[in-house]
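Structure first, then comments.
Remember, predicted model here, so these are calculated numbers, not experimental data. Residue numbers begin at 1 in each chain, while the letters A, B, ... track the order of the sequences.
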Amino acid sequence: MLVYVISMLMVGLGAYALMLKENLIKKMIGLGIMSNGIHLFLISVGYKIGGVAPILKQAGLEYLATHSVDPVPQALVMTSIVINISITAVALSLIIQAYRKTGTIEADKLRSLRG
Amino acid sequence: MDFGTTLAAFGITICIMAFAWRASRRVAPGRRSKGKESMYACGEKLGIADSNVPVESFYASIANAARADRLRDAHNGSLSRYLTWVFAGMVAVMAFLLLLG
Amino acid sequence: MDSFYGLMTLLITAFVIPVVSLKTEKLAPYIAVASSFVAFILSTTTAFTVFREGIQVQQMEGWPAPFGITLAVDHLSIIPILLVSAVGFLVILFSFRFISRRKTEYYSITLLLLGSLMGVLHTGDMFNLFVFLEISAITSYILVAFKKEKESIEASIKYLIINSISTSMILLGIALLYGALGTLNMADLALEMSAISDTFMPISMGLILSGLAIKSGFVPFHTWLPDAHPAAPSPISAILSGLVISVGMYAIIRVSSTVYSSYAVVFNMLIVLGVISMTVGALMALMQHDLKRMLAYSSISQMGYIGMAVGMATPLGLAGGIFHLINQAIIKSLLFLCSGVIIHKAGTHDMRKMGAKFSSFTAGVFLIGVLSLAGLPFFNGFSSKLLIYIASFNAFPLLTVIAVVTSAITAAYGIKAFVLIFMRNTGKSSITGMPLTMQIPLAILAMLCILLGIIPGIGESLAGFAVSNLNNMPYIRAVLGG
């Protein structure tokens, strides 16, 4: 239960940084915190108290089926982490290009498209 | 209403119109003149440049009536304002779905 | 399933092109045109199979239904599949002579974008939908910033940040769904949803709907669209405005009619969002001077029409909405491709300053696009808008009044654009002639506009097949095997 509260707090903190901070790098950090909060939420959905990692070992398939945590959210979160890496890579290269073209990385100075 | 009645109504209308035409010719007899018989203004090209149509501001009255310039000023390019709208819209959607669902 | 092989062709070719370009860059356009044509042929083959035999289902790697990833093509999916492959092929044919620098990057990332859009349309699994939507989003961030000018970089940064909220919200919605129901297959979710009724369901639906509404351009979430669609090169604007937002709308229709079909309040939310988008988009488009920005606001307005029509949740409304989706994609791609030619010849984006002499082919094709957008009879916009008017009149007559007035405003800005661009000749351009590979896509799209207008039965029967989706039992039975 505590994990869910903490992950929602992380999402809120990331959303605050994304919305209200003006520096683009701070917005990226906020985005990272928000997505990590959602990943934490998703992994803890599959958690079982006293569960083991879903790796097939000596004890056999029956033990794994009854004692392991849910492996599906772990797969979903791994996919999502890879997606977030790609987004962060593209975002950081865009920020570098923005700095080269305009000399600033403050979001309220990048305002030439309006109306 | 059958065929005979329609035909009779048509005939009466024609008679009334003929009467009115004869009366108007007696009141104001037409006179021929040189200007009336000559060619009117047809066949000359009138381009957009010659006609004084203000194309760029033609529909400005619609935008002014709907106070749309306030809408355009609201899109002022600042990313934080756009993100605030997105989050406010999301809160409105969730409220709508929770309260009316 | 043949069109799935078309999808794989697009994705694999996207990675073959950079390898081949290590040797020579000249082959890249030819490989791209060939692979998109193959994808188009395979989608038409699948279309014939679906119309003859019904829903086509394939499980990836043989894992049975609720545990594996399902690929399901039914009558609702086949329409955007045909649209994406056809318009994608025409746009790549157009960019043959339009894009002259950095062809490797352009073609390989555009093929990735088209492949990911096809992926969204084939999948029957919620998380697979999310992954393919994200691939299409990341490739479009790169393509919006393709020209590397100040405005393009700024537009791409704004698009990225606003779309990243969409990513997070869809993922949070999917996490809530999995936590409550334990499965992510769309057919299985539809079955389990009617068994459980929680407060989780409106929250997860709200999160997923907000995320998809950001991608489709509904009004409080639309602010990235008028900056991103003009900043991209013109063929990419055609793909973004024609196909990407249509696929976002398809995802909304799929999630709300297949998964959340027991929640009627979702459709009311779509009507509200649709009406607001219609009016705001049309009013903002009336005040624009930049040609492509006006077309971008026009896309927002047309998406509002589709949202309102789908939200009626009646067969006539859904048919009108899907038919308008097809028409909006064709018309908007036509107008954006045409605007590429116009801006290249006139040298400026501003409609008030364009005075060059254009060829009558360009003028004719743009006029067909504008008249279809306005909804003139004998063009395709009329048929779909008529269905939307009738559907909304049966439910709320006030909405029909708003829709008709917005249609008048649409006609106003379209005709204003045509007169400003084409009828004030001062004859100062030195660029003449359009290459054949640029004329063919424009001509084919214009002929489709007229064809769907003269014989609206084609579009109506296509949309009518898809309307059978209002009841999701055939889909569930086909996927989960009876």
Quiz item: If contact means a heavy atom pair closer than 4.5 Å, which residues of residues 149-156 of chain C contact chain A?
Solution: C:K150, C:E151, C:I153, C:E154, C:A155, C:S156

Quiz item: Under a 4.5 Å heavy-atom cutoff, which of A:L94, A:V45, A:L42 has the most pairs with chain C?
Solution: A:L94

Quiz item: Side chain, backbone, both or neither: which part of C:L184 has an atom under 4.5 Å from a heavy atom of chain A?
Solution: side chain

Quiz item: For chain A, which of C:I174, C:I135, C:L172 has the most heavy-atom pairs under 4.5 Å?
Solution: C:L172

Quiz item: How many angstroms lie between atom OH of C:Y141 and atom OG of A:S93, to the nearest 0.5 angstrom?
Solution: 12.5 Å

Quiz item: Where does A:R100 contact chain C at under 4.5 Å (heavy atoms): side chain, backbone, both or neither?
Solution: neither

Quiz item: Tell me, do A:D70 and C:Y178 make a side-chain contact under 4.5 Å, heavy atoms counted?
Solution: yes

Quiz item: Can you tell me if NZ on C:K147 sees more than 12 non-hydrogen neighbours from other groups inside 6.0 Å?
Solution: yes

Quiz item: When rounded to the nearest 0.5 angstrom, what is the spacing between CG in A:L18 and CD1 in C:I165?
Solution: 5.0 Å

Practice problem: Return the minimal non-hydrogen interatomic distance between A:I87 and C:T167, and the atom names on each side. | Solution: CD1-OG1, 4.4 Å

Quiz item: Contact part of C:M284 toward chain A, heavy-atom cut-off under 4.5 Å: side chain, backbone, both or neither?
Solution: side chain

Self-check item: Close side-chain approach of C:L171 to A:M34, heavy-atom, < 4.5 Å
Solution: no

Self-check item: Among the listed options C:Y297, C:F130, C:F127, the residue most often paired with chain A at heavy-atom distances under 4.5 Å
Solution: C:F127

Quiz item: Relative to chain C, which segment of A:M8 carries a heavy atom at a distance below 4.5 Å: side chain, backbone, both, or neither?
Solution: side chain

Self-check item: Interchain contact, A:L110 with chain C, by part (heavy-atom threshold 4.5 Å)
Solution: both

Practice problem: Among C:I142, C:L160, C:V131, C:L176, single out the residue with the greatest number of heavy-atom pairs under 4.5 Å to chain A. | Solution: C:L160

